[in-house]
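Worksheet: the structure to be examined is printed underneath.
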Number of protein chains: 2
Amino acid sequence: MRAHDLPAIRHLPLFRTMLQANFDALMHAAYAQVFPAGLELIRQGDAADFLHVLMEGGVELHSGWADRETTMAVVRPVRSFILAACIRDAPYLMSARTIERSHIVLIPTSDLRATFRRDPEFAVAVIDELAGCYRAVVRQTKGLKLRNSRERIASWLLRQSVRAGNAAGYHLPIEKRLLASYLGMTPENLSRALKSLEADGIKVDGARVIITDRARLAALARFDPLIDGSDSRDDISCAAMPEPDPDD
Amino acid sequence: MRAHDLPAIRHLPLFRTMLQANFDALMHAAYAQVFPAGLELIRQGDAADFLHVLMEGGVELHSGWADRETTMAVVRPVRSFILAACIRDAPYLMSARTIERSHIVLIPTSDLRATFRRDPEFAVAVIDELAGCYRAVVRQTKGLKLRNSRERIASWLLRQSVRAGNAAGYHLPIEKRLLASYLGMTPENLSRALKSLEADGIKVDGARVIITDRARLAALARFDPLIDGSDSRDDISCAAMPEPDPDD
DNA sequence: CAGGTCACTTGATGATTGTCAATCGGCGGG
DNA sequence: CCCGCCGATTGACAATCATCAAGTGACCTG
């Protein structure tokens with residue numbers, strides 16, 4: 001593991017409050033690894049052996065059924081993912097693949113489970129983390145069921161802008177096909193919807209997005225803290241943070 | 001609170017393992033109440049003051065946005081709901097209304113949060129509960145994104161049958177309009193889909209469902225443990241158990 | 001530098017799903 | 001007992017969204 005990995009992990013809300021000794025023990029059992037882009041890290045249905053912490057790069061969490069596939073989340077550094085499966089010692093519900101060359105730290109689940117039984121502070125951190133993850137997926141589900149594709153796109157674009165510090169312009173942090181799948185639509189539909197949204201306050205050129213009429217876009221998206229907000233703890237990391245990442 | 005309420009609550013996985021003294025204290029701060037059918041218990045956006053435990057009756061968890069509404073879950077006794085919001089001390093993401101006259105026990109969130117910080121066994125139970133809830137919503141999301149409405153209905157009907165002990169016939173435990181909303185479709189669509197599914201192994205008459213060709217229905221639903229399963233702990237109770245309840 | 005791959009786009013078409021309106025039928029209250 | 005309410009159903013229609021096919025352009029590789 002690289003020298004600066006440990007402090008970065010320790011700084012995560014999940015690991016920030018636990019006893020140093022327990023943290024050290026956990027990290028001692030862990031090991032770091034580098035994966036190329038496009039590698040399948042986890043296959044849904046497999047036993048949850050390791051809690052993953054993404055230090056660098058990007059990971060797509062996705063699920064398949066029959067011959068279909070959908071993107072459940074895109075994870076960006078520094079974040080842990082698939083905590084819930086680890087805790088329940090249950091099969092992964094999602095697969096994971098790198099979308100870029102990625103540095104990942106793997107923490108054996110057995111150590112993890114032993115630790116939160118011994119360290120009450122860690123247990124509280126796990127509780128907080130899981131509650132945050134749960135609420136994130138609930139938000140995602142609400143968005144899927146209550147909004148149509150145009151509204152989902154509009155609100156996602158707006159959220160991205162907020163994450164970029166209310167910037168009017170930014171770059172899409174992920175490929176459009178991933179975004180489409182994440183938003184529950186086909187790439188074709190996304191492409192057309194983006195074009196049609198140019199009448200409603202955005203301009204898209206490749207990965208470059210410019211919000212030309214924030215008010216108009218906001219009116220369409222009907223931004224709602226109970227869907228689009230985050231629980232505004234410093235940071236919530238886990239399995240399914242719906243939003244990818246800020247951007248330049 | 002009624003005499004048999006306490007043992008029933010104590011028997012829940014969430015409360016089963018904690019210290020008796022802590023349980024007693026928690027229950028001392030709690031109080032029971034009876035609500036008529038159709039009453040709005042919780043409005044999304046409100047502060048989470050109480051963990052709710054449904055002892056008797058039925059509760060719909062739903063969410064609204066703009067002028068639309070959707071059913072997120074139907075809770076049946078004995079189960080707690082909206083744990084995550086309580087723990088995070090954050091606004092409810094869902095509303096709750098009784099669908100029948102209901103007995104509900106209300107546990108102040110402040111006591112709750114104080115207790116899992118003191119009682120490691122309770123903390124572990126909360127972790128387990130939240131992880132289960134998280135995974136339940138992930139399953140729900142997968143179903144929504146990967147299956148079309150016919151497939152969602154078919155798999156739901158099959159799941160209900162499994163819950164009823166692989167019974168060929170059973171009664172729908174909830175109104176069809178609720179089911180439709182839960183499954184992410186309109187009542188009209190559900191009605192038509194049910195009729196069309198009569199060519200695929202079911203027979204529906206009012207609330208009565210009979211599975212006439214299990215194999216055929218299963219082929220359509222393509223039952224998948226990673227969507228349709230439950231984590232097969234005894235019981236997982238929480239905010240968003242997607243499935244309603246067994247039935248006669 | 002040529003060839004190939006892949007993401008993205010665009011057009012044409014069809015399937016799925018939602019909306020609106022009308023009707024039926026059970027159930028409870030007056 | 002009858003009326004009114006509400007959920008469920010049905011039909012006609014419209015909107016949304018997916019599929020199929022073809023074409024473009026960027027990027028990587030040989």
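Numbers restart at 1 for each chain; the letters A, B, ... are given by sequence-line order, proteins then strands.
Within the structure, every side-chain polar atom (N or O) of A/K195 is placed at least 4.0 Å from both OP1 and OP2 of C/dT9. The phosphate of D/dC17 has OP1 or OP2 within less than 4.0 Å of a side-chain N or O from A/S149. Residue A/N148 has no polar side-chain atom (N or O) positioned under 4.0 Å from OP1 or OP2 of D/dT16.
Per the geometry, CD belonging to B/E198 stands 10 Å off P belonging to D/dT9, to the nearest Å. Counting to the nearest Å, the P atom of C/dT19 and the CD atom of B/E69 are 14 Å from each other. D/dA8 atom C1' lies 12 Å from atom CG of B/L172, rounded to whole Å. Atom CG in A/L190 sits about 12 Å away from atom P in D/dC17, given to the nearest Å. Summarising the geometry, the separation between CG on B/L146 and P on D/dA18 is reported as 13 Å, rounded to the nearest angstrom. Straight-line distance from the CG atom of B/N189 to the C1' atom of D/dC17: 14 Å, rounded to whole Å. A/E151 has its CD atom 16 Å from the P atom of D/dA15, to the nearest Å. Between the CZ atom of B/R150 and the P atom of D/dA18 there is a distance of 19 Å, rounded to whole Å.
Here the nucleotide nearest the side chain of B/K176, chosen from C/dT10, C/dA7, D/dT9, is D/dT9. Here the side chain of B/R192 is nearest to one of D/dG7, D/dT10, C/dG11, namely D/dT10. Of the candidate nucleotides D/dG11, D/dC20, C/dC8, D/dC20 has the atom lying nearest to any side-chain atom of A/E188. Nearest to the side chain of B/T186, among C/dA7, D/dT10, C/dG18, sits C/dG18. The A/R177 side chain lies nearest to C/dC8 when the options are C/dC8, D/dA18, D/dT9.
Contacts of A/G38 with the nucleic acid, taken as non-hydrogen atoms under 4.0 Å apart, are absent.
B/M72 has its side chain out of reach of B/H62: every pair of non-hydrogen atoms, C-beta onward, lies at least 4.5 Å apart. Taking 4.5 Å as the limit, some side-chain heavy atom of A/R97 sits within range of a side-chain heavy atom of A/E40.
Under a 4.0 Å N-O distance rule, the pair B/E56/B/R76 does not qualify as a salt bridge. Ion pairing of A/D5 with A/R2 is present here, as a side-chain N (NZ or NE/NH1/NH2) and a carboxylate O approach within less than 4.0 Å.
Using cut-offs of 30° and 60° for the angle between ring planes, the B/F50 and B/Y31 rings count as perpendicular.
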